[in-house]
Amino acid sequence: MNLILFGPPGAGKGSQSNNIINNFNLKQVSTGDLLRSEIKTQTDLGKKIESIINNGELVSDDLVNTLIGKIISDPKNFNRLIFDGYPRTISQAYSLEKLLKEFNQKISIVFNLKVDKDIVSKRVNGRIICIRCFRIFNVYLNPPNSKNHKCEKKYLKKRTDDNSKTILNRYETYVVKSKPILDYYNKKGLLLEIDGNQKIVEIYDKIKGILENIRD
Ligand code: AMP
């Protein structure tokens, strides 16, 4: 099965992807992570992406669609992708459908993680990520400790776009672009709403129960 985790920044898409891949034979595709890897190359393209991300804006559809195309066309990923942070525009949703069709696949389910604005802000401001094991923590809500994190502290970093100024822009962008995407998947009968304000484990229990009953 292929699935989409949809929701505003800070909805917990990355945390839920981590949980899902620990229990199911699926692979996470985060366009945010792919773009951050591009930034590390410090090419002209990487520098352009960095400035767009740090302003809380969206990178061009063409660029992300190309990155996703490379992943979908890889036979190793056949029918086992979790799309995290993609699609983010209706044009990306159309492109995803076309690409999947070309490679004889489809989306089985779209989880819409609904989260209130004040919670988004708290989660994003407190978020820290281990650049070694890619686990996601939160200094207020889910701090790393010797039980839940084995890497050295020096690997824990804050994302440069996780600050109060950028988060407002990212949230507004989400609000403007999300409606047509949600309508699109709702019409196809693929949309499932989840209360993303709950604790990570509670959300995961719901997602797990649903995924266990999907056969394709
Ligand atoms: P994320 O890691 O999903 O929070 O994404 C971080 C940033 O990367 C976003 O604020 C956008 O600037 C950019 N980005 C990630 N995914 C997409 C996408 N599907 N389309 C356009 N820009 C994206």
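In listed order, ligands and their atoms are each counted from 1.
For residues 126-151, the set of pairs meeting the side chain to side chain donor-acceptor pair (under 3.5 Å) definition, not counting sequence neighbours, comprises Arg127-Asp162.
Side-chain contact between Leu156 and Pro144 is present, with at least one heavy-atom pair separated by less than 4.5 Å.
Salt bridge present: Glu172 and Lys117 bring a charged side-chain N and a carboxylate O closer than 4.0 Å. Taking 4.0 Å as the cut-off between side-chain N and carboxylate O, Glu102 and Lys98 do not count as a salt-bridged pair.
Here the CG atom belonging to Leu190 is positioned 8.0 Å from the CD1 atom belonging to Ile107, to the nearest 0.5 angstrom.
Note: Phe6 and Phe83 fail the aromatic proximity criterion, with ring centroids not under 6.0 Å apart.
Protein residues having at least one heavy atom under 4.0 Å from any atom of ligand 1 are Thr31, Gly32, Leu35, Arg36, Ile53, Glu57, Leu58, Val59, Val64, Gly85, Tyr86, Arg88, Gln92, Arg159, Asp161, Arg170, listed by chain and number.
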